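Report on the following structure.
This is a predicted model, so every value here is computed, not measured. The first residue in the sequence is number 1, and the count goes up from there.
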Amino acid sequence: YSVFEAADGMITSSSEFFEPESIAGARKWFGEDNRAVYACGPLMPLGQAALEAEKKQSPVAAQIDEFLKKILKQHGQHSLIYVSMQST
């Protein structure tokens, strides 16, 4: 009997922005018994909104975008991992 089976629900410090499949899987599994899962990690915009928000925050957004497009053209999809780090 695991701690997850005994729990009334789950609060995770993870973010749905970074781990949508994991959070969805946990919600599905916990939801079978009407238990809730809450992700309280950093709240981030999704999709195009995320891209536009990041471009507005970076003074070098145009250079980053140009580089990413160049790599995509030269090496194809799944050839680069872009990790954005925001300073506070």
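Sorted by first then second residue, the side chain to side chain donor-acceptor pair (under 3.5 Å) pairs that include residues 67-78, not counting sequence neighbours, are D65-K69.
Side-chain N or O atoms of R35 include one that pairs as donor or acceptor with a backbone N or O of A7 at under 3.5 Å.
The nearest pair of heavy atoms linking C40 to S13 is SG-CA, 4.0 Å.
For the side chain to side chain donor-acceptor pair (under 3.5 Å) test, residues two or more places apart in sequence or in another chain that qualify with S14 are E19. A36 pairs by the side-chain contact (heavy atoms from CB on, under 4.5 Å) definition with Y38, not counting sequence neighbours. Here D8 pairs with nothing under the salt bridge (charged side-chain N to carboxylate O under 4.0 Å, His left out) rule; sequence neighbours left out.
Residue I11 places its CD1 atom among 12 or fewer non-hydrogen atoms of other residues, nucleotides or ligands, all under 6.0 Å distant.
Hydrophobic clustering, defined by side-chain heavy atoms of Ile, Leu, Val, Met, Phe, Trp and Tyr closer than 4.5 Å, leaves I23 isolated from every other such residue.
L68 is not listed as a side-chain neighbour of L72, based on a closest heavy-atom distance of 4.5 Å or more.
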Side-chain polar contacts of residues 24-32 - donor-acceptor pairs under 3.5 angstrom, sequence neighbours left out - could you list them?
unit_1	atom_1	unit_2	atom_2	d
R27	NE	V37	O	3.0
R27	NH1	E16	OE1	2.9
R27	NH1	E16	OE2	3.2
R27	NH2	E16	OE2	3.2
R27	NH2	V37	O	3.3

